[in-house]
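Working notes, structure below.
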Amino acid sequence: MERNVQKNGLVNLVVAAVIFIAAFVVTTYVNSLAGQACSIFLGLGLLVTFTGWFQMRLDENERLERLEVEELARARGESTLFETKDAEVFPAQHARMQFDRFFVPAFGVLLFLLEGGGAWLLWRWLAKASGGVVPERALPALSLFAIFALLLFLLGRFSVTIARLENQRLLRPGASFLLAGAYVCALTALGLAGIEAKFPLADLWIAHGLCVLLGLMAAEMLVTLLLEIYRPRVKGKIARPLYESRLVGLLAQPESLFTTAAQTLDYQFGFKVSETWFFQLLQKNLLVLLLAQLAVLFLSTGVVFIEAGEQAVLERFGRPVAMLEPGAHFKWPWPAERIYRYRTEQIQTFDVGYTPDAQMGQQKTVLWSLPHAKEENFLVGNRAPVLVQGADTDTNNMLKAPPVGFISVSIPVQFQITNVQAWAYTNADPTALLQDLATREVVHYLAGVDLNDVMSSNRLEAAQVLQARIQSAANERQLGAKIIFVGLQDIHPPTPVAGDYEKVVGAEQTKLAAILAAQAEAIRTNALSIARAFTTTNLADAERVQLVTAKFAEAALFTNQIPAFEAAPAVYQQRTYFQAFARATANARKYVLLVTNTSDVVIFDLEDKIRDDLLNLNVPSSPNSSSP
Amino acid sequence: MKRNTLIVLIGAVLVIITALLLFVFQVRKSEEAVVTTFGRPTRLITEPGAYLKWPKPIQNVYKYDQRIQNFEDKFSENYTLDSITLMTSVYVGWQISDASVFLATFPGESAVSLPNAQSKLEGVLRSAKSAVIARHPLSDFVNANMQDLKFGAIESEIEQSVQSQLSTNNYGIRIEFLGFKKIGLPENVTQAVFDRMRADRQRLISLAENEGRKQAQIIESSADSEAVRTIANAQAVATGIRAEGEAEAAKTLSTFQQNPDLAIFLLRINAWEQSLNQRSTLIFDERYPPFDLFRNLPTNSPGRQP
């Protein structure tokens, strides 16, 4: 029986080695991340299986040695032979003890390092891993991992049962690893199936899960190693192998969870819950239930729901057989029939000439001189070719400035898919192609117009022309798309020169302001001149009236003075003289020299005296003071 | 027994699935497939459906997307006929024309062979693009007069050149379409264009501002001229009015002619009176009337008894 168990251990070892190598090769072939983690797990299982098998051989050798010694003792009739501890007498026993004492703890430490290091390195590698499963190779790899899982499951299950029935503690660790390896291979196959079912992250997620499992195994091994130091050594008591993982055992035999759960429930409820028909039914048919669930999952791929706004192409073995409208539909399960969804009613948008920027998009005001998105500059024509003198004028290095200009445009293009067959089967990437076509039409249009024209008079027609051209190009390429909107939402000079364009607008306003100010001044000048002309003529008229009136009055006075003069000419003259003298000299300064025979000298200072208030007068500054 | 039957059943299902996966493959409508037997292409499948094959390594299936692939080449510099450096990028739509030839030319799975083919195509494309651009001046690419633009013709020339290369060398692919995705100028030339655009704007600024000044001065000088003219006319009218007054006043001279001595005396008195003002200083002696009155006045001095 012992020999059979040893053979069983050897078979486990060989199968573990073959499957480890095969899994590693397949993983490299398909470039699966979960496969990498699975290979590490299988490699650890191989080490554990080998160690268990080797230890079984040591135990077997010891048992044979003991039988031989017993036989020899019986032949000699001695019993003292058993009492000696000499290593030369019991070399196999000595070898087994040395193995237990040194190799097993060392192997435990090695296992901990491999598990912990493997988990850490694998986690880091997964964070940086680029690429992924090669889609064309996913199906063969999936089938191979399924076969690995099946083989490991059959062999692992058998070995676990043998180990339990015959209480083979050294067979148990390897058998548990084989059984758990079956589940890990099945998980890897599931990840590859996810790739086929268009869930490209499934492989990565499973790889992360396996990485966590390795980490837990490392932690468990560390705790086991620490507890081993303080474990009481009772003579005769056979210890559990140090490298046997309880976690792996739990994974390999999940039904032991049921046993534990049943015991807990029995204790909590006070009666044998584990003996109820429901619990027993669940325990017996767990595998069936799991398989039924898998079957339901498989059959559920036969029902498909198409959302509103979508259409789907139904392919049977790759051949399109129907177009599915929104609603529920039945189909053959995967992989016989597959559907490919397309958003036909939904308005889809892409941008030409700019890439929206979330940070810049926060600005409340859109200015030419401030970038409001990642804008491209498009070449536009310029009617006046110009040569610009380069910086290095001494060497006559003329830097040619071509007769072109630059312009920034922001053009959102909205479209709908109108013909799913054409959209799906004509071009590999129809959305990118439509974007290329639209960009080409914009580049072409702008290259053939003048910068100033397109920014002003031609702007309105530009959007319509572009929409027609993009639609025409899409039809020519049989894209099956309808362009429903092309918006010239922004068209302006590039940001570095936009400020100069704004200054031109400012200069136009300055020009208008100068003209308006001159017009105001002209109005004032004209009005004042008219008023002055009116005043001049009015004044002249008044003077005329005054003159005429005064002269006629003087004539009338003279007519009346003649009789008086003729009556007393001398008196009249004297009277008139003295009256006039009195009036004329009333306010004059008069000096009367009463002595005539003297020679008086009278000095008059006839210089004008400036008034004090004139000296202190503040003269306001004139705006035209500088002008002559 | 029941459990064993279940396990056998599961095993059988797994084996069947595995067998199906190993022996059956699907070809989509969008694909073509080449089946190789021990590395030699033995079957070309162009119709969609499910097909049988021997498992690897006896037979291998290479599936290729037979739809039009499009890619964009690098934004690269080229010299135009008029010696201007122009930067261009084109997008190209290409398709596998013969999957068997394509497999021989670009061996491997489509994940490897398609990028490989695209890389080779890009090399051919850049060569053809450079040659064609060098045959055209910049004005064929960018021109304010749309009718002088040769955008489409240049694209056709590049496409034909690339197509010719592909056909000659039997790449197993063909060009379906080609178009310019982007055209531009190198950074230093772009800066020169920006400088020119700024100078053009400065010219417009100067034009506008000085036009304003010019018009303002014209308006103001016109207004001044009009004002002077208006005032001159008014002064002429005023002079006429005064002349009329003088003429009318002259009618009174006949009245003064009745007694010219008196009239002249009165005019003299009037002129004498008006010639004195408040700040006049007059010096008289006692002989001047009316101050001659001081001469005959009696005094209290004893030596001067009258």
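Chain letters run A, B, ... following the sequence lines, proteins first and then strands; every chain starts at 1.
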Practice task
Would you mind checking which part of B:Glu211 comes under 4.5 Å of any heavy atom in chain A, side chain (CB onward), backbone (N, CA, C, O), both or neither?
Solution key: both
Practice task
Give a yes or no answer on whether the side chain of A:Glu543 reaches the backbone of B:Ala238 with a donor-acceptor pair at less than 3.5 Å.
Solution key: no
Practice task
Could you look at B:Gln202 and say if it's the side chain, the backbone, both or neither that has a heavy atom under 4.5 Å from chain A?
Solution key: side chain
Fill in the blank from the handout: For B:Leu266 and A:Gln561, the nearest pair of non-hydrogen atoms, with its separation, is CD1-OE1, 2.8 Å
Handout entry: Exceeds 12 heavy-atom contacts within 6.0 angstrom, atom CD of A:Gln478
Key = no
Exercise for the section: Below 4.5 Å from any heavy atom of chain B, which atoms of A:Arg477 appear? Answer side chain, backbone, both or neither. Expected result: side chain
Problem - Part of B:Pro289 within contact of chain A (heavy atom distance under 4.5 Å) - result: both
Problem - Among B:Thr252, B:Asp65, B:Leu253, residue most engaged with chain A (heavy-atom pairs, under 4.5 Å) - result: B:Thr252
Handout entry: Top contributor to chain A interface from B:Phe141, B:Trp272, B:Phe291, B:Phe25 [non-hydrogen pairs under 4.5 Å]
Key = B:Trp272
May I have the list of side-chain donor-acceptor pairs in residues 221-233 of chain B shorter than 3.5 Å, sequence neighbours left out?
from     : atom 1 : to       : atom 2 : distance (Å)
B:Ser221 : OG     : B:Gln217 : O      : 3.0
B:Ser221 : OG     : B:Ile218 : O      : 3.1
B:Ser222 : OG     : B:Ile218 : O      : 2.7
B:Ser225 : OG     : B:Arg229 : NH2    : 3.2
B:Glu226 : OE1    : B:Arg229 : NH1    : 2.9
B:Thr230 : OG1    : B:Glu226 : O      : 2.7
B:Asn233 : ND2    : B:Arg229 : O      : 3.3

Exercise for the section: Flag the pair B:Phe284 / A:Tyr591 as yes when their ring centroid distance falls below 6.0 Å, and as no otherwise. Expected result: no
Handout entry: chain A contact residues among residues 85-93 of chain B, heavy-atom distance under 4.5 Å
Key = B:Leu86, B:Tyr91
Handout entry: Contact check, side chains of A:Val592 and B:Asp285, non-hydrogen atoms, under 4.5 Å
Key = no
Handout entry: Options A:Val504, A:Val548, A:Thr537, A:Asp436, ranked by heavy-atom pairs under 4.5 Å with chain B, top entry
Key = A:Asp436
Problem - Cation over ring face, A:Arg440 and B:Phe180, 6.0 Å, 45° - result: no
Problem - For B:Tyr288 against A:Tyr577, the heavy-atom pair lying closest together - result: OH-OH, 3.0 Å
Exercise for the section: Compute both the distance and the angle, then confirm whether B:Arg28 meets the cation-pi test with A:Tyr340: under 6.0 Å from the six-membered ring centre, within 45 degrees of the axis. Expected result: yes
Problem - Interatomic distance, A:Gln421 atom CD to B:Lys29 atom NZ [nearest 0.5 angstrom] - result: 5.0 Å
Practice task
Give the ring-plane orientation class for A:Phe406 versus B:Phe194, where under 30° counts as parallel, over 60° as perpendicular and anything between as tilted.
Solution key: perpendicular
Problem - Any side-chain donor near an acceptor of the partner, B:Asn70 and A:Asp429, under 3.5 Å - result: no
Problem - Residue part contacting chain B, namely of A:Gln546, when any heavy atom lies under 4.5 Å - result: neither
Completion exercise
CD of B:Gln258 to CD1 of A:Ile562, rounded to nearest 0.5 Å, is 4.5 Å
Problem - Under 4.5 Å from a heavy atom of chain B, the part of A:Glu554 involved - result: both
Problem - Top of A:Glu566, A:Glu441, A:Arg544 for chain B proximity - count of heavy-atom pairs under 4.5 angstrom - result: A:Arg544
Practice task
Measure B:Ala19 against the heavy atoms of chain A and call it side chain, backbone, both or neither at under 4.5 Å.
Solution key: neither
Fill in the blank from the handout: In short, B:Lys181 meets A:Thr439 closest at the heavy-atom pair O-CG2, 3.3 Å
Handout entry: Contact class of B:Gln66 relative to chain A, heavy atoms under 4.5 angstrom
Key = side chain
Practice task
Mind jotting down which residue pairs meet the side chain to side chain donor-acceptor pair (under 3.5 Å) criterion with at least one end in residues 505-516 of chain A? Sequence neighbours excluded, please.
Solution key: none
Completion exercise
Under 4.5 Å to a heavy atom of chain B? For A:Ala542 that would be neither
Practice task
Check whether any side-chain N or O of B:Arg67 sits under 3.5 Å from a backbone N or O of A:Ala424 as a donor-acceptor pair, and report yes or no.
Solution key: yes
Handout entry: Engaged part of A:Val380 at the chain B interface, taking heavy atoms whose separation is under 4.5 Å
Key = backbone
Fill in the blank from the handout: Correct closest heavy-atom pair for B:Lys182 and A:Val443 would be CA-CG2, 4.4 Å
Handout entry: Pairwise side-chain contact, B:Arg201 with A:Lys503, heavy-atom cut-off 4.5 Å (strictly under)
Key = no
Exercise for the section: Identify which part of B:Thr190 has an atom lying under 4.5 Å from any heavy atom of chain A, answering side chain, backbone, both or neither. Expected result: both
Handout entry: Engaged part of A:Ala336 at the chain B interface, taking heavy atoms whose separation is under 4.5 Å
Key = backbone
Handout entry: Top contributor to chain A contacts, counting heavy-atom pairs under 4.5 Å, from B:Gln147, B:Met197, B:Gln95, B:Glu72
Key = B:Met197
Problem - Minimal non-hydrogen separation, B:Ala216 against A:Ala514, with atom names - result: CB-O, 3.4 Å
Problem - Test: B:Glu273 and A:Arg583 ion pair at under 4.0 Å - result: yes
Practice task
Working to the nearest 0.5 Å, report the span between CD of A:Gln519 and CD of B:Glu220.
Solution key: 10.5 Å
Exercise for the section: Just jot down the ring-ring contact (aromatic ring centres under 6.0 Å, His included) partners of B:Phe294, sequence neighbours excluded, or say none. Expected result: none
Handout entry: Proximal component of A:Phe578, with respect to chain B [non-hydrogen, under 4.5 Å]
Key = side chain
Practice task
Mind listing the closest non-hydrogen atom pair of A:Phe581 and B:Pro290 along with its distance?
Solution key: CE2-CD, 3.9 Å
Practice task
Count the heavy-atom pairs under 4.5 Å between each of B:Val237, B:Ile183, B:Ile269 and chain A, then report the option with the highest count.
Solution key: B:Ile183
Handout entry: Atom pair CG (A:Leu539) and CD (B:Gln235), whose distance is rounded to the nearest 0.5 Å
Key = 11.0 Å
Exercise for the section: Specify which of A:Ala580, A:Ala582, A:Pro335 makes the most heavy-atom pairs with chain B at under 4.5 Å. Expected result: A:Ala580
Practice task
For the residue pair A:Arg338 and B:Gln26, establish whether any side-chain heavy-atom pair is separated by less than 4.5 Å.
Solution key: yes
Handout entry: Among the listed options B:Ser30, B:Ala199, B:Ala249, the residue most often paired with chain A at heavy-atom distances under 4.5 Å
Key = B:Ala249
Handout entry: Among B:Gly152, B:Ser206, B:Ala208, B:Ala263, residue most engaged with chain A (heavy-atom pairs, under 4.5 Å)
Key = B:Ala208
Fill in the blank from the handout: Highest number of heavy-atom pairs under 4.5 Å with chain B among A:Thr559, A:Leu144, A:Ile147 belongs to A:Ile147
Practice task
Tell me, for A:Phe378 versus chain B, whether the close heavy atoms (under 4.5 Å) come from the side chain, the backbone, both or neither.
Solution key: neither
Completion exercise
Cut-off 4.5 Å, heavy atoms of chain B, and the answer for A:Pro496 is both
Practice task
Using the six-membered ring wherever Trp is involved, compare the ring planes of B:Phe151 and A:His444 and label them parallel, tilted or perpendicular (cut-offs 30° and 60°).
Solution key: parallel
Fill in the blank from the handout: So, the part of A:Leu437 with a heavy atom under 4.5 Å from chain B: the answer is both
Handout entry: Nearest-0.5 Å distance that lies between atom CD1 in B:Ile219 and atom CD1 in A:Ile523
Key = 9.5 Å
Handout entry: Interatomic distance, A:Tyr445 atom OH to B:Leu149 atom CG [nearest 0.5 angstrom]
Key = 12.5 Å
